[in-house]
**Student:** 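Structure in structure tokens, see below.
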Amino acid sequence: MADESRVNLLHEEIIPDDLEAGRSLSNNNNGTHAGGSISNQPKSNAVREYFEQSSHPVAAFFFLAFRVGALLTYLLGSIFTDNFTLVFVITILLLAFDFWTVKNVSGRLLVGLRWWNEIQEDGSNRWVFESASPTRKNNAADSRLFWTVLYVTPVLWALLALTCIFTFKVSWLVIVVMAIVLNVANVYGYSQCDKDAKRKWATGIAAQTAFGSLGSTATGFVGRAVGSGLTSLFSSSR
């Protein structure tokens, strides 16, 4: 089995001005109310509302841009050009950009997780997981977007794979298989990383509780022993 290494991504509490903590929602809300009442402003669409609530709108934008771009290039590329090679190259590049961005940037900023896999000298795999401190509060909108899109995207590519099989489009199936492999790799990596983070911090909390109880017991015992010794000393001096 692959060895797992758990690494704490952030050893210190995130402060509002930290890059990974993102912008403060309270600042956004204050900025919104400063200009007047919300009821006097027109309702924005869901996309605009999300980006207003997001702590990392730039990271969220590129998280969506590469994925949607790859899907649109695959689906609509043949409408604009008959050059399959061009569509193939652009789609694969977008998939590669998406894989790297999600693995190294989007996950770290949006949900405080990151993973990678190392090949050891003996040929075995070593999974390395990083997770933010539990004191960091993830933005609910960012977290919901990340996990939803992460799981939905490979499902869409799987449906496209079925259409390629039924229509005997072998060349297009190569693109879809590559997309499924890259997306499933991120799904598996982040799923394991999330489980590892929850298990690690649950174990840490349990250990802190146990040590706290042990420390309280030891302190009480020492206090009683010192008190008894002092009582005996004063009694004997009389």
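The structure presented is a predicted model; accordingly, all values stated were derived computationally and were not measured.
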**Student:** Do any pairs count as a salt bridge (charged side-chain N to carboxylate O under 4.0 Å, His left out) and have a residue in residues 143-155, sequence neighbours left out, and if so which ones?
**Tutor:** none

**Student:** Ring-plane angle category for Tyr190 and Phe146, please: parallel below 30°, perpendicular beyond 60°, tilted otherwise.
**Tutor:** perpendicular

**Student:** State which residues pass side-chain contact (heavy atoms from CB on, under 4.5 Å) with Val155; sequence neighbours excluded, sorted by chain then number.
**Tutor:** none

**Student:** Could you state the interatomic distance from SG (Cys193) to OH (Tyr188), rounded to the nearest 0.5 Å?
**Tutor:** 12.0 Å

**Student:** Kindly state each residue pair satisfying side-chain hydrogen bond (donor to acceptor under 3.5 Å, both in side chains) with at least one member in residues 170-180, sequence neighbours excluded.
**Tutor:** none

**Student:** For Thr163, check side chain to side chain donor-acceptor pair (under 3.5 Å) against everything at least two apart and list the hits.
**Tutor:** none

**Student:** Which of parallel (below 30°), tilted (30 to 60°) and perpendicular (above 60°) describes Phe97 and Phe66?
**Tutor:** tilted

**Student:** Restricting to side-chain contact (heavy atoms from CB on, under 4.5 Å), what partner residues turn up for Val184, sequence neighbours left out?
**Tutor:** Pro154, Ile180

**Student:** Can you sort out the partners of Leu182 under side-chain contact (heavy atoms from CB on, under 4.5 Å), two or more places apart, ordered by chain and number?
**Tutor:** Leu95, Phe99, Met178

**Student:** Just grab all the salt bridge (charged side-chain N to carboxylate O under 4.0 Å, His left out) pairs involving residues 88-100, residues at least two apart or on different chains.
**Tutor:** Arg67-Asp98

**Student:** If you look only at pairs with a residue in residues 77-94, which of them pass as a salt bridge (charged side-chain N to carboxylate O under 4.0 Å, His left out), with sequence neighbours excluded?
**Tutor:** none

**Student:** Test of understanding: with side chain to side chain donor-acceptor pair (under 3.5 Å), list the residues that count as partners of Trp157, not counting sequence neighbours.
**Tutor:** none

**Student:** If the condition is side chain to side chain donor-acceptor pair (under 3.5 Å), which residues does Lys198 pass it with, not counting sequence neighbours?
**Tutor:** Asp194

**Student:** Would you please name every residue forming a side-chain contact (heavy atoms from CB on, under 4.5 Å) with Val68, sequence neighbours left out?
**Tutor:** Leu72

**Student:** Side chain to side chain donor-acceptor pair (under 3.5 Å) between Ser54 and Asp142: does it pass, once the steps are laid out?
**Tutor:** CA-CA 6 Å; Ser54 175; Asp142 289 338; 2.6 Å; yes

**Student:** Quick one: which residue pairs count as a side-chain hydrogen bond (donor to acceptor under 3.5 Å, both in side chains) with a foot in residues 86-95, not counting sequence neighbours?
**Tutor:** none

